[in-house]
Amino acid sequence: MTTLAPPPAPTTQDGKHRAVPPAPGSRLRRLFTGAPEDPHWARPALWAILVLATALYAWNLSSISGNTFYDAAVYSGTRSWKAFFFGALDSGSFITVDKPPFALWVMGLSARVFGYGTWQLTLPMVAVGTGSVALLYRMVKRDFGAVAGTIAALALTLTPITVAITRDTNPDPVLVFLMLLGAAALMKAVRTGRMLPLVWSGVAIGFAFNTKMMQAYVVLPAFFLVYLWAAKGSLGRRIRNLAAGTVALVVSSAWWMVVVDLIPASSRPYIGGSTDNTVWDLVIGYNGFGRIFGASSSVGSQGNGASFGGEAGLYRLFNSIMGGQSSWLIPFALIALIGGLVLRGRAPRTDARRAALMLWGGWFVLHYLTFALAEGTFHPYYVTAMAPGVAALAGIGGVLLHKGFREGSAAKWAWVLPAAIAVSTVWAVVLLQRVSGSGTLYTVAEVMAGVAGAVAVIGLLLGRFTGRQRLTGIAALAAVVALLAGPAAYSASEATSSTNGTNPTAGPSTGGMGGGMGGGGGQRPSGDGAPSGSTSGSTSSGGTGTRSMGGKVSSAMITYLQKHQDGATWLVAVATDQTASSIILESGQPVISMGGWSGSDNAMTLAKLKSQVKSGKLHYIVVSDSGQGSSNSEISTWVKKNGTAVSAYGGLYRLDASDAG
């Protein structure tokens, strides 16, 4: 019988073998089984990590309060496409939130498809959070293998502040995912030398800009440096491609801002957080230099310098507030970065591994310095943007340092990996010692970290100098336990507790202005906009109470306002976003925030108030004896002189068209 020879492998004109395109369905199979070169355990491990991430982020969703500020804006966007586009706090589109609206669009589309409620708003956050873990794994694995990718993915999953913020309705999880998409496209452009991936990288960062403005640009210096240094092609070609990517970045970033600022102010909401009712001022002021320099910035900014993460300085991310949120792996990541760059020091310019180290090292260092030294408003959850850099360095560094540990000369590398593990283990024990009295979980984690760290260091050294590779492998696993026991305890604690919506943090409160500050609070309206809860009390920064220029807004007052709304567009006008958002969520009706988040926005003027009253769009306003800012003082005086006080509710006044002259 004649045996047919297999067909020759496809070749190019120069005789080199050409890659065979994957057969139909092979991509789907690889999704579950992994690439042929992967270890047999790699894909099951990845899926286990993704399941863990989803469980941590989505566990007991009914307990998640969310940030009422953004929740109210999402709800308003489901009632009005105009409010949706502008990111307005209220469906009447009087004022926007102090951020661009992309994250609100993501949550708003989910709410429009599935209905408004807790899981509908948090579903996109869980999705992008888990997606970030998968994307980081893919990026790290491509250059450093399955072990590095697995460690990086697990480290990101168990970063406590990432668990806290992903179980919330703040925009940061969307920001992180978009930045990772930009990084993935950048590295593809570096490896191939092609322009199109760099363009897509610019588009992704542009969408990130439309999520949290200038924070998205923190990584750009690293992106530019990595591409200029490591990308294939001549310098001229690299500069040309980078210019094209920059154009894509600018267009993707600026389109919404340009459109909004070109619309007459009378036809759109006031831009919350700005000093002159423009998005541009919001970009360079409140959400730009105001975050870095605080109220002392020479740029027009309303940044008040309020820090919920402790005093600015290089030590900030290690203090009693911030330490447990994100600093667990920072010592190891820093040593790994330095060691990895030394190990790859003589590689060719286009070496993809060194380029990846430069990217993740730049990501980590730039974020660290920005968050540590920022003198403007600072919340602990901001540092979730730094977590991918730290996690990637942990995975990459662990593999590179282990290789150097096994193959390098004793004088150079025998002590680097054990030292990195020892330093990080000691720091983990210090962090756990701060809170070990807060519960058995943290005490167990402290013991596990200490014991596993000692086993790891001793086992590595004994294995290295006795040649027992199995002992070295056991020590490596112990090192993973030692470094991740603390973050795992914090993350488990966060996943089983209610999330603090305004200023979410993980783990127990350890002092200062960390956990326990702010609060989610507020009530979500039912699908038809009917009231579904109560709002009472008085708070200064979010929470379940609603405070307006010194006056309280109770559930009884809200019921009264709804009964006597008399066809007005807005239920009532109050001083701040916090007050307005809580009333919106309870009543389902538009509410005017006259002063934005801090009460200092000039969104409402006396002339504008008279116009709203005269047209019958507003009948009620809550004022007090102490107005905030000159315009509010003027408004307060005029309202008290011309309005009718509702005696049952202190600070509430009724205004009709005749009162406006």
Side-chain angles (χ1 to χ4, degrees), residues 50-81 83-89 97 99-136 156-157 159 161-182 184 203-213 215-216 252 256 381-382 384-385 387-388 494-495 498-502 504 520 522 524-525 527 581 585:
L50 295 180
V51 169
L52 174 63
T54 303
L56 288 172
Y57 303 155
W59 187 263
N60 194 19
L61 282 181
S62 62
S63 71
I64 298 175
S65 57
N67 188 329
T68 56
F69 178 50
Y70 296 118
D71 292 355
V74 172
Y75 176 73
S76 298
T78 64
R79 308 282 292 207
S80 163
W81 283 111
F84 179 91
F85 175 77
F86 288 108
L89 179 69
V97 298
K99 298 290 185 297
F102 185 75
L104 301 180
W105 293 346
V106 173
M107 290 186 284
L109 290 175
S110 175
R112 280 183 175 269
V113 172
F114 300 111
Y116 185 92
T118 298
W119 71 264
Q120 292 93 330
L121 267 64
T122 52
L123 177 64
M125 299 303 170
V126 173
V128 296
T130 304
S132 294
V133 173
L135 188 54
L136 183 67
L156 180 60
T157 296
T159 300
I161 196 61
T162 296
V163 176
I165 194 60
T166 308
R167 294 170 54 79
D168 201 86
T169 51
N170 282 283
D172 298 74
V174 177
L175 170 74
V176 171
F177 182 69
L178 290 169
M179 290 167 65
L180 282 170
L181 283 178
V203 170
I205 299 301
F207 275 95
F209 176 89
N210 281 305
T211 301
K212 285 201 76 176
M213 289 189 171
Q215 187 176 340
S252 181
W256 181 82
Y381 63 80
Y382 292 174
T384 191
E494 171 58 27
S498 297
T499 299
N500 179 339
T502 300
R524 301 180 185 278
S581 61
L585 290 176

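If you're wondering where the values come from, they're calculated on a predicted model, not measured in any experiment.
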Under 3.5 Å, side chain of [X] to main-chain N/O of [Y], donor-acceptor pair present?
| X | Y | answer |
| --- | --- | --- |
| R112 | G77 | yes |
| S252 | V203 | yes |
| Q120 | S110 | no |

Could you walk me through whether N67 and T169 pass the side chain to side chain donor-acceptor pair (under 3.5 Å) check? CA-CA 6 Å; N67 188 329; T169 51; 5.9 Å; no
Listed by chain and number, what are the ring pair (Phe, Tyr, Trp, His ring centres under 6.0 Å) partners of F69, not counting sequence neighbours?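 Applying ring pair (Phe, Tyr, Trp, His ring centres under 6.0 Å) to F69 gives W597.
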Just to verify, what does F86 make a ring pair (Phe, Tyr, Trp, His ring centres under 6.0 Å) with, not counting sequence neighbours?
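Expected list: none.
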* Asked: F85 vs W256 aromatic rings, parallel, tilted or perpendicular, using cut-offs 30° and 60°?
  ->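 Rings of F85 and W256: tilted, as their planes differ by 30° to 60°.
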Angle between ring planes, F114 versus W119, binned at 30° and 60°: parallel, tilted or perpendicular?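 F114 vs W119 ring planes: tilted.
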Checklist entry - Under the salt bridge (charged side-chain N to carboxylate O under 4.0 Å, His left out) test, which residues partner K99, sequence neighbours left out? => result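 With neighbours one apart ignored, the set is empty.
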For [X], what residues pass the side chain to side chain contact (heavy atoms under 4.5 Å, CB included) criterion, not counting sequence neighbours?
| X | value |
| --- | --- |
| A72 | L89, S581, I584, L585 |
| A53 | Y57, T130, V133, T157 |
| A184 | L135, M139 |
| V106 | F102, P124 |

Looking at every non-hydrogen atom in both residues, tell me the closest pair between [X] and [Y] and how far apart they are.
| X | Y | result |
| --- | --- | --- |
| I165 | P173 | O-CG, 3.6 Å |
| N170 | Y381 | OD1-OH, 3.5 Å |
| L156 | P388 | CD1-N, 4.0 Å |
| A103 | P171 | CB-CB, 3.4 Å |
| A495 | L56 | CB-O, 3.5 Å |
| S132 | V176 | OG-CG1, 4.1 Å |

Just how far is it from atom [atom1] of [X] to atom [atom2] of [Y], taken to the nearest 0.5 Å?
| X | Y | atom1 | atom2 | result |
| --- | --- | --- | --- | --- |
| L121 | L104 | CG | CG | 9.5 Å |
| Y116 | M107 | OH | CE | 9.0 Å |
| L175 | I205 | CG | CD1 | 8.5 Å |
| L136 | L180 | CG | CG | 6.0 Å |

List the residues meeting side chain to side chain donor-acceptor pair (under 3.5 Å) with [X], not counting sequence neighbours, and say none if there are none.
| X | value |
| --- | --- |
| Y70 | none |
| T384 | T162 |
| D172 | K212 |

### Query
Going through the distances and angles, do D168 and T166 end up as a side chain to side chain contact (heavy atoms under 4.5 Å, CB included)?
CA-CA 5 Å; D168 201 86; T166 308; over 6 Å; no
Q.
Does the structure place the NZ or CZ of R167 under 6.0 Å from the centre of the six-membered ring of W59, at an angle of no more than 45° from the ring's axis?
A.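 Output no; distance or angle outside limits.
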